[in-house]
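A quick write-up on the structure given underneath.
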There are 2 protein chains.
Amino acid sequence: MKPLVTITDVARAAAVSVQTVSRALNNKGEISPTTRDRIVAIAEQLGYRRNAIARGLVTNRSMTLGLLVPDIANPFFPDIARGIEDRALANGYNVFLCNTVEDPNREAAVLALLEEKRVDGIILCSARLTDDRLLPLLRRHRAVVLVNHPAPPEVAASVRVDDAAGTQQAVRHLHATQRTPIAFLAGPAHAHSSQQRTVAYRQTLAELGMALDPTLLRQCAPDAEGGYQAARALLAGTTPVPALLCYNDLVAVGALQACREAGLRVPDDVAIIGCDDIALARLITPALTTLRVDKSAIGAAAFGLLLARIEGDGTDAEVVFTPELVLRASAP
Amino acid sequence: MKPLVTITDVARAAAVSVQTVSRALNNKGEISPTTRDRIVAIAEQLGYRRNAIARGLVTNRSMTLGLLVPDIANPFFPDIARGIEDRALANGYNVFLCNTVEDPNREAAVLALLEEKRVDGIILCSARLTDDRLLPLLRRHRAVVLVNHPAPPEVAASVRVDDAAGTQQAVRHLHATQRTPIAFLAGPAHAHSSQQRTVAYRQTLAELGMALDPTLLRQCAPDAEGGYQAARALLAGTTPVPALLCYNDLVAVGALQACREAGLRVPDDVAIIGCDDIALARLITPALTTLRVDKSAIGAAAFGLLLARIEGDGTDAEVVFTPELVLRASAP
DNA sequence: TTGAAAGCGGTACCAG
DNA sequence: CTGGTACCGCTTTCAA
């Protein structure tokens, strides 16, 4: 552990006071350009790097954010993270990217740890905690933005995707192309977006005069394995299933695999629609019809809302993105 | 910005000194169980949460690590990150997961930022900086582990995959199944693993008495788009290409797509081998023959080495994993 | 077993 | 324009 250069060392080397060094380094306050340049040069030469810990203690700002995602292996979240991190770095913030691996307890633990680390704000994607546990934890943070989860405006701003609109588009498309009845692999029960889409699914079926067959509505883990298992179980039934609406693209990939193993052709025997339009969706065969959302824009919007809250003017409380149905081979 | 409870507040409420509270909270030093429990209860009730910033300033330990990956959207890295983060959290560390988006300058910037944040150590995966820029930056850090990149032991420990062995297995398999000549989509020129594999590719061809056709050796971006472009360019040539060895699975997915568009059947007209065995590899059609490495184990090993270095006994300097060829439909 | 005081490396406030 | 001093919240050292 090599002894690091401190601001005092720089001050001594430059024969000035520490405050003068501080002013030079931060380029603020009244200071003559001459001394500033001289000090900056000396600091550079000494290999000085400022200590964000010490600075954070006095400024009460860590210039650090927390980002929680339920599963970083789902390409949906790296894309959002990218949108956030790009803007965060540009604004001088570092991001703790925390994978809660779909585990509510880990989500709670991470929220507490981030509080100890005194992050300036957090962005929580697709919360898995129930509100009674979640909200008290969130309230302790200085600024919070939720992605895909509602919250009282005094607790958090939110960025969400219009789940109802997306589900409606997908169901209508399947209905219009004569692929009924429509099964729905609905994702995890505790996910808010799953609940919203389930409501929309039921409602749209009703609007179109279709009966709801409860056996065609199944929850599943929001990954390929979950989709595979759920689809297998579904296909084991006696009723043929000509259309499969999936919680996300990974679920759709798993379902596709299950269909293939069951000897069903996609889209001839079964049409499949995913959600998110991850990069993979157009690279597999058949390419996946899916609901596209602009993940990078979601990330950027979330950061924007968070920054506004950190800086005090938490005016805009909600941004909504509307998904767009992208037709590809799996459900033309 | 709500006023947070400090250790002083707790001390006042419990009518003891701050040191006693500190001892109670950390459960160390001599303290009577009675007062300790009383203090802990009061702290809890006041909603006290300790301040890692203040604590880090005095202990000179941030309990924070930095993890740099070139592209978090490549499923290879989330798997490694998962292996690291699981063990890090279990040991009380938080991880800054930083996506350098294949950009050397961003890598350098992040390395500097992490230094300001006084992370206790960093794990850098697949460095993109050249050693002359990289090493000075690394030397400034207290503990460093490199994944897929060599380094002098006094600068960093390293975890690597035996690229030569993997490449050799793959080339031999393609040769044994009569699929020659063999093209190689080698990934980014500045990646150490790309260089190693290129050497092994040449060497193995020579050992097997095959001529090297330079037009069959192409660099590419290490993602699906890169594989797609490189494969397209390759297939535009006049020579048929019966075998395609790819830098990683994403490159292979892109190459697969290019082959399909060119009207080539996989594996009948072209055999394709990927690398990493990401989850996707067995979910696409045809399933991908690939070189499997245990990503979670790589992450765990990297964390283990880092912890050893942080705690001072940086004895083991290198861990090597050997990839295993997994035969699937794309190159049976 | 507990407490008083010093100080980690900065920044902020005021004086010169 | 520059310097002195207090202090952020906590742990460490030494006394009591």
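Note that the coordinates shown come from a computational prediction; the quantities given were computed from them, not determined experimentally. So that the names make sense, note that chain A is the first sequence line, chain B the second, and so on, each numbered from 1.
- Here the C1' atom of nucleotide C:dG10 and the CE atom of A:M63 are 16 Å apart, to the nearest Å.
- Residue A:N51 places none of its side-chain N or O atoms closer than 4.0 Å to OP1 or OP2 of C:dC8.
- Atom P of nucleotide D:dC1 and atom CD1 of A:I39 are separated by 13 Å, given to the nearest angstrom.
- Distances shown here put every side-chain N or O of B:T59 at or beyond 4.0 Å from the OP1 or OP2 atom of D:dT12.
- What separates CZ of B:R61 from P of D:dG9 is a distance of 24 Å, to the nearest Å.
- Remark: A:S22 is not in phosphate contact with C:dG10, judged by side-chain N or O atoms under 4.0 Å from OP1 or OP2.
- Atom P of nucleotide D:dG9 and atom CG of B:D9 are separated by 8 Å, given to the nearest angstrom.
- One can place CG of B:N60 at 18 Å from P of D:dC10, the figure rounded to the nearest angstrom.
- For B:I7 and D:dG9, the CD1 to P distance is 11 Å, given to the nearest whole Å.
- Residue A:K117 contributes atom NZ, which lies 15 Å from atom C1' of D:dC10 at whole-angstrom precision.
- Remark: A:S32 is in phosphate contact with D:dT2, judged by side-chain N or O atoms under 4.0 Å from OP1 or OP2.
- Looking at B:T6 and B:V18, their side chains never come closer than 4.5 Å, going by heavy atoms from C-beta outward.
- Comparing C:dG10, D:dG9, D:dT2 against the side chain of B:A54 picks out D:dG9 as the nearest.
- Contact between the side-chain N/O atoms of A:R55 and the OP1/OP2 oxygens of C:dT11 is found at a separation under 4.0 Å.
- With rounding to whole Å, A:L57 atom CG is found 9 Å from D:dC7 atom C1'.
- Note on B:E115 versus B:R142: no salt bridge recorded, every NZ/NE/NH1/NH2 to OD/OE distance being 4.0 Å or above.
- Side-chain atoms of B:T20 lie closest to C:dT2 of the nucleotides D:dT2, C:dT2, D:dG9.
- Scanning atom types as modelled, no donor and acceptor separated by under 3.5 angstrom connect the side chain of B:Q19 and the base of C:dT1.
- For B:N105 and B:R128, the side-chain atoms include no donor-acceptor pair closer than 3.5 Å.
- For C:dG3, its base sits under 3.5 Å from the side chain of B:R23 at one donor and acceptor pair at least.
- Using modelled atom types and a 3.5 Å distance limit, the side chains of A:R50 and A:N26 yield a donor-acceptor pair.
- Contact check, A:T35 against D:dT2: a side-chain N or O comes under 4.0 Å of OP1 or OP2.
- In the model, A:N99 has no side-chain atom that pairs as donor or acceptor with a side-chain atom of B:R82 under 3.5 Å.
- Along DNA chain C, the nucleotide closest to A:N26 and the one closest to B:P33 are compared, and the more 5′ of them pairs with B:P33.
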